[in-house]
Each structure stands twice: as C-alpha cells, then as structure tokens.
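These notes concern the structure reproduced below.
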Amino acid sequence: MENTQSEFGGPKPENKKVVAGILAILIGVFGIHKFYLGYTKEGIIQLILGLLCGVGGIIGLIEGIIYLTKSDEDFYQTYQVGRKGWF
C-alpha cells in the first residue's frame with residue numbers, strides 16, 4: 001500500500017504527473033492538461049493555438065513527454081509548487 005503521509009506526518013499532497021502527462025499526449029491540442037494543473041490562462045492560450053493553427057497539439061505532446069520523464073518529486077516541485085506554466 002502506498003504511504004499517504006509526508007515525512008513530517010502530514011498528508012502527502014496529490015501528485016498529478018501521470019494524469020497530466022497522459023492528458024497532454026492524448027488531447028493536448030485542447031490544453032486540458034493545463035486546466036487540470038490549474039493553469040487557466042495557459043490552458044486558454046493553448047486551446048486557441050490548437051484550434052487556430054494546430055500548434056497546441058505539438059506543445060501538448062512535448063509537455064506530456066516532459067511531464068512523464070520527470071521524477072515525481074521534480075514534477076511536483078516544478079509544476080505544482082513552483083507553478084511553471086510552460087515546458
């Protein structure tokens with residue numbers, strides 16, 4: 001069973017890495033992974049880019065690969081704590 005406690009005894013925060021990575025690869029053209037991570041402004045920009053010229057799909061594919069190749073802790077610190085919106 002997975003440990004849901006942090007090293008300091010508090011509840012372990014949810015890591016959204018796998019879901020965000022899969023969403024980015026499969027339907028990244030719509031920016032759904034951005035909305036899932038809480039980046040509304042970036043999600044709207046990617047949705048517009050995807051619908052107008054298809055660039056959003058390429059960005060989504062690249063971001064999905066980046067998300068899935070990062071370690072769990074690195075992903076959490078970069079995208080959930082640090083709130084890095086792009087790549």
Side-chain angles (χ1 to χ4, degrees):
M1 183 184 288
E2 184 178 325
N3 183 10
T4 59
Q5 298 292 318
S6 71
E7 62 184 78
F8 300 109
K12 184 177 175 184
E14 178 186 11
N15 192 335
K16 301 178 178 184
K17 175 181 123 169
V18 174
V19 175
I22 292 171
L23 286 173
I25 290 172
L26 296 179
I27 51 177
V29 68
F30 301 116
I32 302 299
H33 61 290
K34 297 289 190 186
F35 293 110
Y36 180 72
L37 290 172
Y39 302 127
T40 305
K41 179 178 70 173
E42 290 87 348
I44 291 170
I45 291 169
Q46 188 158 352
L47 177 63
I48 292 169
L49 287 174
L51 293 176
L52 293 180
C53 58
V55 175
I58 296 169
I59 294 171
L61 179 65
I62 293 168
E63 285 185 327
I65 293 168
I66 290 171
Y67 292 170
L68 293 174
T69 56
K70 286 188 173 287
S71 69
D72 289 345
E73 184 61 29
D74 192 27
F75 177 86
Y76 178 75
Q77 290 298 324
T78 304
Y79 298 105
Q80 290 180 253
V81 174
R83 307 285 301 158
K84 182 179 178 186
W86 297 99
F87 298 98

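Any value given below was found using the heavy atoms of this structure, including those in side chains, with hydrogens, waters and symmetry copies removed.
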message: Holding to ring-ring contact (aromatic ring centres under 6.0 Å, His included), I want the full list of residues that pass it with F75, two or more places apart in sequence or in another chain.
response: Y67, Y79
task: Can you measure from OG1 (T69) to NZ (K17) and round to the nearest 0.5 angstrom?
output: 7.5 Å
field: Test item: R83 side-chain N/O and G38 main-chain N/O as donor-acceptor pair under 3.5 Å
entry: yes
Exceeds 12 heavy-atom contacts within 6.0 angstrom, atom OH of Y76: yes
message: Under a 3.5 Å cutoff, is there a donor and acceptor pairing between the side chains of E73 and Q77?
response: yes
- request: Spell out, yes or no, whether Y36 and I48 are grouped together once hydrophobic residues are joined by side-chain heavy atoms under 4.5 Å, including indirect joins.
  value: no
message: Please say yes or no: joined through hydrophobic side-chain contacts below 4.5 Å, possibly via intermediate residues, are I45 and F35 part of one cluster?
response: no
query: Hey, are the side chains of Q46 and E63 touching, using non-hydrogen atoms and a 4.5 Å cut-off?
result: yes
message: Just to verify, which of I25, L26, I27 counts as forming a side-chain contact (heavy atoms from CB on, under 4.5 Å) with L23?
response: I27
query: By side chain to side chain donor-acceptor pair (under 3.5 Å), which residues pair with N15, not counting sequence neighbours?
result: none
Donor-acceptor under 3.5 Å (K34 side chain, G85 main chain): yes
- line: The salt bridge (charged side-chain N to carboxylate O under 4.0 Å, His left out) partners of K16 (sequence neighbours excluded) come to none
- request: Mind checking the CG-CD1 spacing from L49 to I44? Nearest 0.5 Å is all I need.
  value: 12.0 Å
- prompt: Which distance, rounded to the nearest 0.5 Å, do you find between the CG of L52 and the CG of L47?
  reply: 9.0 Å
